[in-house]
Amino acid sequence: MPTPDVHFRTIIEPFRIKAVEPIRFTTRAEREAALEQAGLNLFKLHADDVLIDLLTDSGTGAMSSEQWAGMMRGDESYAGGRSFYRFEAAVREITGFRHILPTHQGRAAERILAGVALKPGDIVPNNTHFDTTRANVESAGATALDLPIAEGLEPENRHPFKGNIDVARLEQVLTDNPGKVPVAMVTVTNNSGGGQPVSMANLREASRVCHAHGVPLFLDCCRFAENAYFIKLREDGYRDKTPLEIAQAMFACADGATMSAKKDGMANIGGFLAMNDDAMAESARNLLILSEGFPTYGGLAGYDLEALAVGFHEALQESYLRYRLRSIAYLGERLTGMGVPIVQPPGGHAVYIDAKAMLPHVPQSEFPAWALSLVLYLEGGVRSVEIGSVMFGRQPDGSEKPAPMELVRLAFPRRVYTQSHVDYLAEVLEHVNGLKQRIRGVRLAEAPAVLRHFSARLEPAHGSLLA
Ligand SMILES: Cc1ncc(COP(=O)(O)O)c(C=O)c1O
């Protein structure tokens with residue numbers, strides 16, 4: 001008699017490794033010098049000086065052998081290349097949108113959408129705008145309004161869909177501002193809010209409310225596949241659906257989308273702007289030609305379009321999504337076990353440390369999350385990113401307002417690190433947690449007016465990073 005399938009508990013990386021890239025070990029003294037050289041800004045480090053790079057999951061993933069094979073098939077024709085049609089077919093199957101414009105990355109899609117839809121004085125509601133989305137809305141003279149649900153701002157709250165938009169407030173904004181909201185957005189998953197998912201019920205409600213007011217709903221859909229898998233795991237009625245079917249149902253709630261395909265496109269570069277409205281698409285195509293490229297390549301090489309056509313589907317494979325979400329949850333459990341406060345439950349692409357809770361002795365005016373991210377690098381060679389008051393504190397009028405949360409994001413590149421890398425990370429965090437009382441704040445020494453976290457120079461607020 002055949003042995004029945006045994007379901008082993010260990011969730012393994014659903015791939016084997018064909019090419020490796022060495023990582024470089026540095027001494028603490030070397031890292032101290034590198035930090036000083038970088039003006040205490042992790043964005044300005046040489047990547048070779050980083051051991052484990054969790055700065056972002058954007059464009060940092062490993063491509064599959066199928067994607068590399070696809071790249072060899074890339075058609076580099078200026079117009080009408082077959083790679084575009086493959087790309088378009090993959091995006092259309094998943095999203096169902098009529099017009100699909102390739103862009104070189106997400107912010108280009110955002111800029112074009114802002115260019116065709118917004119004018120000064122407009123308002124764009126979103127569950128939480130990502131930094132580039134906010135900057136593009138504001139540079140069009142419009143207001144970027146964040147409407148997360150209250151639970152989304154409580155790091156310890158284990159609500160299953162903390163990425164949800166507050167539909168009651170959305171409805172109020174639409175009622176109070178007729179004609180001033182040309183588009184509403186929902187970001188899936190909600191990156192700035194902790195990588196938290198948005199439920200299908202919430203998307204449907206947001207869609208109903210927007211449509212009742214004649215306002216189109218756009219998804220910022222960088223992590224649509226991770227969001228779809230959370231819906232499968234956590235929302236009634238989706239357990240037996242495939243991630244593709246769930247993604248299709250998510251997009252059916254919307255009228256368009258902006259996408260950074262550097263995330264769930266599983267590629268190193270790329271994006272798209274998609275929509276159903278013919279007139280808006282016509283204007284968007286004109287802007288695309290002006291600033292990105294011809295509509296059948298939009299700032300990408302034909303081989304990038306091939307990598308994406310394969311990648312969108314790989315991102316929706318269940319074995320991949322199970323491993324992906326499990327690796328993040330695993331680090332979350334290790335950190336919770338050692339008493340490091342994190343945004344609960346862990347999100348889809350990252351673990352977010354709650355620096356306000358971990359370092360209550362560092363005031364928000366001294367950027368606790370930024371300080372913690374520097375110490376993680378100094379002690380363990382780990383690069384993370386601050387999502388707090390350096391990133392979001394400066395208001396369009398130049399004033400300062402503390403961000404609602406001070407988070408350190410440990411974002412996982414897709415298919416890059418293994419379990420022992422994660423175990424190492426947990427050890428670094430345990431060490432840093434042990435010296436947290438000694439961590440001191442920082443202050444800005446030099447900062448540009450927009451997106452200052454990318455290039456600001458900082459200095460210790462009290463002489464050194466550690467007391
Ligand atoms: C939610 C979200 N929207 C937009 C973007 C911008 O995409 P890109 O970096 O490709 O311009 C990002 C990138 O990190 C993101 O996470």
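Order of listing sets the numbers, starting from 1, for every ligand and every atom in it.
No donor-acceptor distance shorter than 3.5 angstrom exists from the side chain of Glu446 to the backbone of Ala456, with no hydrogens or angles considered. A donor-acceptor pair under 3.5 Å is formed between the side chain of His129 and the backbone N or O of Val124. Side chain of Ser389 to main chain of Ala403: a donor-acceptor pair is present (N/O by atom type, distance under 3.5 Å, no hydrogens or angles).
Take Glu245 and apply the side chain to side chain contact (heavy atoms under 4.5 Å, CB included) test, not counting sequence neighbours, and it matches Lys241, Thr242, Gln248.
Close placement of the Tyr78 and Phe294 rings is indicated, their centers lying within 6.0 Å of each other.
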Worksheet item: Can Arg409 and Asn191 be said to form a side chain to side chain donor-acceptor pair (under 3.5 Å), step by step?
Response: CA-CA 10 Å; Arg409 186 186 72 179; Asn191 186 4; 3.0 Å; yes

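Residues of the protein with a heavy atom under 4.0 Å from ligand 1 are Gln105, Gly106, Arg107, Glu110, Phe130, Thr132, Thr187, Asn191, Asp220, Cys222, Arg223, Ser260, Lys262, Lys263, listed by chain and number.
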